[in-house]
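Data first, discussion second: the structure below is written as structure tokens.
Throughout, protein chains are lettered first and strands after them, A, B, ... in sequence-line order, and every chain is numbered starting at 1.
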Amino acid sequence: MYTDAFLIEKDQFSPWLEVLHQEFRLIGPIEENGFYTFAEIQSVRDLALNYDTTMLGPRKFIYHPEEKICAFRKTPEGFEIEPLGKAAPQILVGVHSCDLHAILVLDKVFLKKGFQDRNYRMWREATVIMGIHCTGVCPNCFCASMGTGPLFEPKEGYDFLLTDFGDRYLIELLGERAEKFILPLKLQRATESDFKKKQEIGRKVENQFKKKIDTTHLVDIILRNQNHPVWKRTAEELCLGCTNCTMVCPTCFCYNQKDEIGFDLIHYERKRYWDSCQELHFAQVHGGNFRFTRMARLRQFVTHKLATWVEQFGCFGCIGCGRCMTWCPTGIDLTEIAKEIMVTEQNKTIRMSEAQQFENG
Amino acid sequence: MDSIDYQMAQVLDIQMETAAIKSYLFTCVESKIFRFSPGQFNMIGLPGVGEAAISFSSLAIPGSNQFTHTIAGVGNVTRFLERLEIGRRVLFRGPFGRGWPIEEIIGKDLLIVAGGIGLAPLRSFLFYCLENRNRIRDVVLVYGARTTDDMVFAKDLADWQARDDIETIYCVDQYNKESSLRLQVGLVTRFLEKLELDYRNTLAFLCGPEIMMRFVARNLLFQGYAGDQIYVSLERRMRCGTGHCGHCQIGAKFVCQDGPVFQYSDISRFADTLL
């Protein structure tokens with residue numbers, strides 16, 4: 001696949017986006033009521049590319065909170081299936097490394113071979129993604145621990161990747177689509193020293209993380225401790241079951257469906273909308289509920305992100321953005337849960353070796 | 001046409017099984033060959049109502065696009081499906097999931113334990129076994145229901161009991177009505193120890209309430225069966241059937257894609273089951 005890297009002056013960058021804006025919906029971080037949020041942008045001037053973090057990741061523009069997945073029309077035979085609409089081309093500007101990884105994770109979920117989600121694929125293909133490297137850390141993020149930052153390493157999932165050099169950006173390109181967009185600009189090609197500068201920025205950020213988690217044996221440790229007291233205690237003392245964690249998580253993919261009937265009583269739509277494993281109804285079946293307790297629901301969220309996801313998709317479900325703990329009303333921190341489990345594991349190992357010594361001695 | 005796409009089917013025939021359970025013979029509206037294997041399921045529903053995962057209760061007829069579902073009207077969707085009449089259309093997607101391991105059964109003894117409407121996915125499997133009867137060894141069917149009135153597939157049950165190449169044990173919790181079948185009273189677990197099967201060469205296939213499968217599986221483990229010789233078919237409420245909606249997840253498994261049939265040892269290691 002085509003790759004290249006250039007340097008682009010910031011004076012040159014905004015007019016270039018303006019040109020692209022004529023053809024595409026432009027989506028990026030803007031400031032709204034003191035917070036940053038991903039939104040459709042009216043003017044490139046509104047773009048706040050030095051943002052720290054947003055409540056919702058850019059996931060909502062590819063995997064929408066609510067969308068139509070099938071349409072029907074009532075006929076004398078019963079009903080007929082009607083065709084669906086198309087995606088609008090859009091550019092996603094200023095996606096941080098963690099959110100880029102989150103999109104890669106969602107790709108694994110929705111673009112599985114043989115079972116591709118029609119809507120997701122449609123919007124994913126219609127979206128040009130322009131990532132940007134962080135120049136600082138947020139109080140709750142730990143992407144370096146999860147291997148998803150601060151620099152975005154994989155050579156997939158994006159079209160452009162920006163690194164802020166003060167008065168200009170290093171702009172890395174991936175794919176023919178990116179080449180076509182950048183061609184009219186006639187930019188200066190980046191050199192070895194520019195990449196060194198980028199690594200330098202990455203290293204500087206890496207040293208600032210306050211939150212850390214050791215992922216070496218994390219999967220085994222969590223799976224061995226599905227009945228650890230931490231689940232029950234955290235759930236009963238702290239968890240309100242508000243579903244915030246799953247709503248803000250950029251890799252959460254669960255959805256529910258509902259059918260809506262038009263006022264003409266002829267047209268029907270089947271819609272899907274984000275659902276949460278923290279809701280009581282989630283694991284309900286006829287005659288019972290497999291996650292009836294709040295403990296079981298909290299455990300589902302944390303074990304899924306930190307352990308079972310690896311067996312399902314070959315990567316962690318947690319990309320270390322820290323949104324779940326930032327927006328948790330009681331501040332439940334999944335790294336703290338994991339650490340508490342690790343402490344008991346360590347104690348167990350110590351006790352085992354003491355017992356062994358006692359036997360040997 | 002992919003299994004993930006919405007398709008339409010028409011009701012050809014309806015068969016009463018019990019007061020609350022009916023079997024429906026469907027045919028695809030679009031003419032095509034519809035293939036599926038025993039233990040797989042369809043997402044079946046109606047516009048304006050929703051969808052439910054229902055397993056096939058018949059075998060695929062080669063070259064045909066017909067299939068049978070046996071449905072108990074107990075939930076939001078199935079209460080609507082219950083009111084279907086011959087000629088009406090339903091919406092479906094499928095087939096989904098991994099069915100019973102039909103490659104594994106050659107040369108084995110088979111123990112099939114079903115509870116209530118759990119016989120439906122095992123019925124298609126039994127048909128498959130009987131078609132390939134000379135390639136497998138002993139077949140034992142243990143079927144339990146709450147009362148005599150709750151026994152489904154009465155005609156098949158009588159047929160199987162009349163055959164001499166399959167041993168049948170039918171039991172009910174309450175013997176409330178005369179029946180032409182030979183019935184015993186008790187739970188299915190009561191009859192497992194008396195079976196003369198060699199646990200080293202037997203595969204067990206379980207479908208029924210999860211609590212029944214729990215006790216049957218534990219009983220078999222106690223008898224010496226290994227966890228991977230026991231297959232269970234699980235039920236979870238699902239929205240998509242394609243491993244996207246997340247509702248049916250048990251630990252690292254999607255019941256809709258990795259199941260609904262699992263080896264007991266593969267699924268019982270996760271929390272949030274009754275197994």
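- Heavy atoms of Ile69(A) lying under 4.5 Å from chain B belong to its backbone as well as its side chain.
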*Take Cys240(B) and Tyr255(A), measure what side-chain contact (heavy atoms from CB on, under 4.5 Å) needs, and give me the verdict at the end.*
CA-CA 9 Å; Cys240(B) 66; Tyr255(A) 64 76; 3.2 Å; yes
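- Annotation: side chain of Glu80(A) is in contact with side chain of Arg89(B) (closest heavy-atom distance under 4.5 Å).
- Counting non-hydrogen atoms of other residues, nucleotides and ligands closer than 6.0 Å to CZ of Phe80(B) gives a total of 12 or fewer.
- Arg146(B) CZ: 12 or fewer foreign heavy atoms inside a 6.0 Å radius.
- Residue Gln226(A) comes nearest to Arg269(B) through the heavy atom pair NE2-O, 3.1 Å, listed as atom of the first residue, atom of the second, then distance.
- Within a 6.0 Å radius of CG in Asp228(B), more than 12 heavy atoms belonging to other residues, nucleotides or ligands are found.
- With rounding to the nearest 0.5 Å, the separation of SG in Cys245(B) from CG in Asn256(A) is 7.5 Å.
- Counting all heavy atoms, side chain and backbone alike, Gln312(A) lies closest to Gly251(B) at NE2-O, 4.1 Å.
- One finds the CZ atom of Arg239(B) at 10.5 Å from the CZ atom of Arg270(A) (value rounded to the nearest 0.5 Å).
- Within 6.0 Å of the CD atom in Glu85(B), the count of heavy atoms belonging to other residues, nucleotides or ligands does not exceed 12.
- There is no contact between Lys258(A) and chain B, counting heavy-atom distances below 4.5 Å.
- Residues passing the ring-ring contact (aromatic ring centres under 6.0 Å, His included) test with Trp100(B) are Phe125(B), Phe205(B), sequence neighbours excluded.
- Within the 4.5 angstrom heavy-atom criterion, atoms from both the backbone and the side chain of Asp117(A) approach chain B.
- Heavy atoms of Gln116(A) lying under 4.5 Å from chain B belong exclusively to its backbone.
- In this structure, the portion of Thr273(B) lying under 4.5 Å from any heavy atom of chain A is its backbone and not its side chain.
- For the atom pair NE2 of His286(A) and CD of Glu235(B), the computed distance is 8.0 Å after rounding to the nearest 0.5 Å.
- Using the six-membered ring where Trp is involved, Phe115(A) and Phe96(B) have ring planes that are tilted, between 30° and 60° apart.
- Contacts between His267(A) and chain B at a heavy-atom distance below 4.5 Å are absent for every atom of the residue.
- Residues of residues 287-303 of chain A lying under 4.5 angstrom from chain B, judged on non-hydrogen atoms, are Phe290(A), Arg291(A), Ala296(A), Arg299(A), Gln300(A) by number.
- Aromatic pair Phe282(A)/His247(B): centroids less than 6.0 angstrom apart.
- Within a 6.0 Å sphere centred on NZ of Lys60(A), other residues, nucleotides and ligands contribute more than 12 heavy atoms.
- No more than 12 heavy atoms of other residues, nucleotides or ligands lie within 6.0 Å of CZ in Arg35(B), so this atom counts as exposed by the packing criterion.
- In the displayed structure, Lys232(A) atom NZ is contacted under 6.0 Å by at most 12 heavy atoms of other residues, nucleotides or ligands.
- Across Cys254(A) and Gly246(B), no two heavy atoms sit closer than the pair SG-CA, 3.5 Å.
- Summarising the geometry of Phe79(A) relative to Leu91(B), their closest heavy-atom pair is CE1-CD1, 3.5 Å, with the distance given to 0.1 Å.
- The most heavy-atom pairs under 4.5 Å with chain A, out of Arg88(B), Arg236(B), Met238(B), come from Arg236(B).
- Residue Phe253(A) touches chain B through both its backbone and its side chain, counting heavy-atom pairs closer than 4.5 Å.
- Listed by sequence position, Leu46(B), Pro47(B), Gly48(B), Val49(B), Gly50(B), Glu51(B) are the residues of residues 44-57 of chain B in contact with chain A, using a 4.5 angstrom heavy-atom cutoff.
- Listed by sequence position, Phe254(B), Gln257(B) are the residues of residues 254-265 of chain B in contact with chain A, using a 4.5 angstrom heavy-atom cutoff.
- Taking the centre of each ring, Phe110(A) and His244(B) come in below the 6.0 Å mark.
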